[in-house]
Protein chains: 2
Amino acid sequence: MHSRGASAHVYPIKRFHMKKPSATIRDVAALSGVSVATVSKYINGTKRFTEPVEAKLKAAIEQLGYQSNPLARSMVTKQTRTIGLTILDISNPHFTNVVKGANRVALRHDYTLLLVDVEETQARERPLVEALARRVDGLILSSRLPEEESQWLLDLDKPVVLLRRSDKLPIPSVGIDNRLATFMLTRHLLDLGHRNFAYLGFGQARINDERIAGVRDCLAEAGLELDVHDAHAPTTRAGEHACSRVMLGPRRPQAVICYNDLIALGFIKAATALGINVPRDVAVTGIDNVPYGEISAPSLTSVDTQSETMGEIAMQKLIDALSGKEEIEHVTIEPCLIVRESTHAA
Amino acid sequence: MHSRGASAHVYPIKRFHMKKPSATIRDVAALSGVSVATVSKYINGTKRFTEPVEAKLKAAIEQLGYQSNPLARSMVTKQTRTIGLTILDISNPHFTNVVKGANRVALRHDYTLLLVDVEETQARERPLVEALARRVDGLILSSRLPEEESQWLLDLDKPVVLLRRSDKLPIPSVGIDNRLATFMLTRHLLDLGHRNFAYLGFGQARINDERIAGVRDCLAEAGLELDVHDAHAPTTRAGEHACSRVMLGPRRPQAVICYNDLIALGFIKAATALGINVPRDVAVTGIDNVPYGEISAPSLTSVDTQSETMGEIAMQKLIDALSGKEEIEHVTIEPCLIVRESTHAA
DNA sequence: CTGAAAGCGCTAACAG
DNA sequence: CTGTTAGCGCTTTCAG
């Protein structure tokens, strides 16, 4: 796999990673003529010391290039200042933004992120999370497992925050109101005068059902039916593939509500290729408000899920939990309709 | 920041994280009537034992729900099975793909990724990397620091792989041939008959100069000049902003070569809004071949930098280094021209 | 073929 | 106000 389109120069320089045994707290203590406890306290700022002592310590640390070993520290303090984050697919801009938000508040609180993209490892999800849990102080999980099968999360004995609203488990969660999101989109499309609706979903995601329900609820008020299709993946490619099936089938819709922006963008691309104009011939909507929906042509009507904020909130919740606040809270992020060019009056 | 557009239900259930002190190797030893050494060896598969002993061990481990503590293990083995990865901006699909590739081979070798998005912390880059280095076995770095100021990387005493070709330092690196990439784009545009060229770059990135050089070299052969502009950021937004400056200035170009796809996509969006048709009025190219360039309208001519492969190679290099191979190699990924709709004959 | 013991580098009581 | 000491949970010689 490494040669495909890649050439390489090999420099036969053998560089020995010299085993400079990286000074320990003991070395510092010896050099500065104090005890290890003193050094430890100084380093952690647990205590201040007399002027001359501090000077000596600073000098010794400087001279030895001492850096404390976080592992040893963690070993005794039982905390790693690391948060585990599992994401379904880092290629999806929605999750990218979640990571960005989470990372930001983590850094601010001096935590680092252990990231796992579970896409590659669906089957082994549980063992993977369990392993991850042993190396971090807390976890933020975006999982595909149904809530009913997630009891074991409680046995992790580590604070967990779920990245999607879910109140069946006594675990904090943050997510968008999916029903409301699609409800808003549907209402918007109804207002534009559309009557034939199709939903292009992603059945494997559990929130898919909530999104369908939102559409159905809104259509029901108008006495309308919904055609449901499945894109098999939450990607642009899947959206492209599904397009002909949706548009060239028996009941051609005037409006297509997609599971997310990626599917919608792919759908629009394929529709255009088929000579179907968006939004003139068909209105298309997505969900997530990913950056590319703004610059695509036509730009994409969507619902903002505040992905970055979601990451921030999740991380903040976790850090709160880590500092003792044990309240279990289910945060619902309010969706916000973003009307752009891909939807137009019928 | 947490209340913006978010409502919450608070469940006042107080769940005590019971201090189930999570069984240690000692407990297992006691329960199964052997010594800790034996348990350790069994767990690590270092040694096999007689049938009855193994059975006892398995039972005890099962019963106690024992899971080994990776921290304690790392403490003595001096390896964490964790790789540190710093990325300039996780929002950029190029880096996203690098992460994906890296993550894939990491998982395959039973390593996990410690991810840091340095965008938020440009100034503190060095201390941040140093801190990171103490918690991982090796590092993959995408840095903005000039090579000359990166000597200190050698003092980390940990294997490092740089995410951009750079042979001034005795550190393995992997990156694209930037000169060649823009050279190819320029040649392509020349072949299409364009004569007025502009380059819309991102001056803060060091590879920017290499990319300019590639364009210049190619244009020089044709005796042509190049107008160089700067977008201030490697983002779609920056591309949008820069568009009017480039297109409505004194020398309107027929072809614009952008620093990356994001800038190019933003540029096209803004040009279209200005009533300038791409590719009829101006040809536009990007670099990276991000997924959205394929579905944008017009789709984007670009150069594939094989971001995911890049991540894979970088990780593989690092893992090789970790297992003793000390050769310092500079891998150059060959760019590959992807012609799409945004470039057209003059 | 198994076990006892010596730490890894650090923190946190508890003494002095 | 500083130092001594006892581990954290695990691996690893080295005896038995």
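Residue numbers start from 1 in every chain, and the chains themselves are labelled A, B, ... in the order their sequence lines are given, proteins ahead of strands. Worth saying up front: this structure is predicted, and the values here are computed from it rather than measured.
Here A:T46 lies out of heavy-atom contact (under 4.0 Å) with every strand. Among the atoms of the strands shown, base atoms are found under 4.0 Å from some heavy atom of B:K41.
As a whole-Å value, the separation of A:R26 CZ from C:dG7 P is 9 Å. Atom CD1 in B:I25 sits roughly 11 Å away from atom C1' in D:dT12 (whole-Å rounding).
Listed pair B:S40 / D:dT11 meets the phosphate criterion, a side-chain N or O lying under 4.0 Å from OP1 or OP2. Between A:S35 and D:dT4 there is no side-chain N or O to OP1 or OP2 distance below 4.0 Å. Residue B:T38 places at least one side-chain N or O under 4.0 Å from the OP1 or OP2 atom of C:dG3. For the OP1/OP2 pair of C:dT2 and a distance below 4.0 Å, the side-chain nitrogens and oxygens of B:T50 include at least one atom meeting the criterion.
Ion pair B:E62/B:K58 not flagged as a salt bridge, since none of the NZ, NE, NH1 or NH2 atoms sits closer than 4.0 Å to an Asp/Glu carboxylate oxygen. For the pair B:R81 and B:D137, the salt-bridge criterion is not met [side-chain N within less than 4.0 Å of a carboxylate O]. Using a cutoff of 4.0 Å between basic side-chain nitrogens and carboxylate oxygens, A:K100 and B:D89 are scored as salt-bridged.
With D:dC8, C:dA12, C:dG7 as the candidates, the nucleotide lying closest to the side chain of B:V76 is C:dG7.
Heavy-atom distances under 4.0 Å link DNA chain D to B:Y66, B:S68, B:N69, B:A72, B:R73 of residues 59-73 of chain B, given in residue order.
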